[in-house]
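I have placed the structure first, in the form of structure tokens, so that the comments after it can refer back to it.
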Amino acid sequence: MNIPFYARYHAKLEQEALLACLEGSLATDGLYSRKALSQLSSVYPGKSCWLSLTASCSLALETALTLCRLAPGDEVLLPSFNFPSAANAVLNAGGIPVLCDIDPDTQNISLKDAAGKITSRTRAVIPVHYAGISCAMDRLLTLAKEAHMTVIEDAAQAIGALYQDAPLGTLGDFGCVSFHYTKNISCGEGGLLLCKDRKDFENARCYRVHGTNRDAFLNGECDRYTWVCPGSSTAVSELCAAFLSSQLSCLRKITAIRNQRLMDYLDFLKPIEQEGYGKLMKVPGYASPNGHIFYLRFASESLRDHIQKLLAGKGIDAKTHYVPLHLSPMGKKLGYRPKDLPESLACYDTLLRLPIHTSLTMEQAWQVSEMIIKGCRFYG
Ligand SMILES: Cc1ncc(COP(=O)(O)O)c(C=O)c1O
């Protein structure tokens, strides 16, 4: 048996789109970038949501943090069980990342822990929608409003997923999405920044093209373009946009297949919870998932490691996930100790992700589940 952990979806029009793109000039924000943006505006509908393509989600996060204009020493809350991008963006913008613990059901930021860490220096919060499962956004937005915090949703894993009826990334002041090769919709490397406020969007558009007013120039609003603000070069390339556009045309199909496998695992693996071997990922009633990740948390680290090895021996690639930021060398430099955030530590020790992608069949999900259940029973 050989079941890989990742397998990207090969959209029909990919090659055609890339070849057609090569015929053109490859100019930034060309035909394919505009096409991808128009497709994305159907995924993220609504008047108060301004979209801009970036070369990665990390760059979208960096842009959002730059627009927050932090003063040195300003604090930003984010979960420790996380990729380093948001913490890097805070540091690069001159702020201090304040690492919070997570909720054991969703592995998303613990609002209780976050609330207890708000100080007079707290300026923003960056919730991650882990596995494409929404944070409890009403409660989070209320907390942010009370504490005057900007909300930057790290929706890297969340394309196609909702909080109630709202696409993830559209609820905060900013949303950041990833099209990295490991994501549901991929163009190798790519990202999206969503801005609630038009002024933020205009500033973001200048930031992404070297801090210039190139957009205004291309719209015929001025006869030369020039340096107007601090900036960088964060736009997605036209070739990646062409690829992205063909992938986006399959978003519904990809999400439906992945969600079906998620439901299959939840069904097949019920004995794991019933017999006390661990807990399956939870999908709260307010969340519509996108099947980006399927994970379970075992009752102990040794059982998790045993099952991972057992699956590997049968050619099934299951993976652990993030080293919590507070356990990392950078976390240590920031003054954290392992037991400061106990749920993140427990998650690090016990979480295992199973293969989930559009090539995974229901039968394979069943075989993987059966192997895990038998492995747990045998382990005792
Ligand atoms: C939660 C989270 N945020 C940000 C990123 C970074 O995304 P990108 O590779 O598009 O910069 C990732 C990558 O996997 C992620 O998991």
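One is the number of the first residue; the rest follow in order along the sequence. Whatever order the structure lists them in is the order used to number ligands and atoms, beginning at 1.
A pairwise comparison of heavy atoms in N290 and A131 identifies OD1-O, 3.6 Å as the closest pair.
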Exercise. Could you walk me through whether Q260 and D264 pass the side chain to side chain donor-acceptor pair (under 3.5 Å) check?
Worked result: CA-CA 6 Å; Q260 190 52 58; D264 291 342; 3.2 Å; yes

Problem set entry | From CA spacing to verdict: side chain to side chain donor-acceptor pair (under 3.5 Å), S344, D101 | CA-CA 6 Å; S344 309; D101 215 350; 2.7 Å; yes

If you look at each N/O of ligand 1, which protein N/O atoms lie under 3.5 Å away, and at what distance?
from	atom 1	to	atom 2	distance (Å)
ligand 1	3 (N)	D154	OD1	3.1
ligand 1	3 (N)	D154	OD2	2.8
ligand 1	10 (O)	C57	N	2.9
ligand 1	10 (O)	S178	OG	2.7
ligand 1	11 (O)	C57	N	3.4
ligand 1	11 (O)	S58	N	2.9
ligand 1	11 (O)	S58	OG	2.5
ligand 1	14 (O)	K183	NZ	2.7
ligand 1	16 (O)	Q157	NE2	3.2
ligand 1	16 (O)	Y322	OH	2.8

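Among residues at least two apart or in separate chains, ring-ring contact (aromatic ring centres under 6.0 Å, His included) pairs with a member in residues 135-180 are Y163-Y286. Note on residues 146-170: no pairs pass salt bridge (charged side-chain N to carboxylate O under 4.0 Å, His left out), not counting sequence neighbours. Residue pairs meeting the salt bridge (charged side-chain N to carboxylate O under 4.0 Å, His left out) criterion with at least one member in residues 280-301, sequence neighbours excluded: E273-K282, R297-E343.
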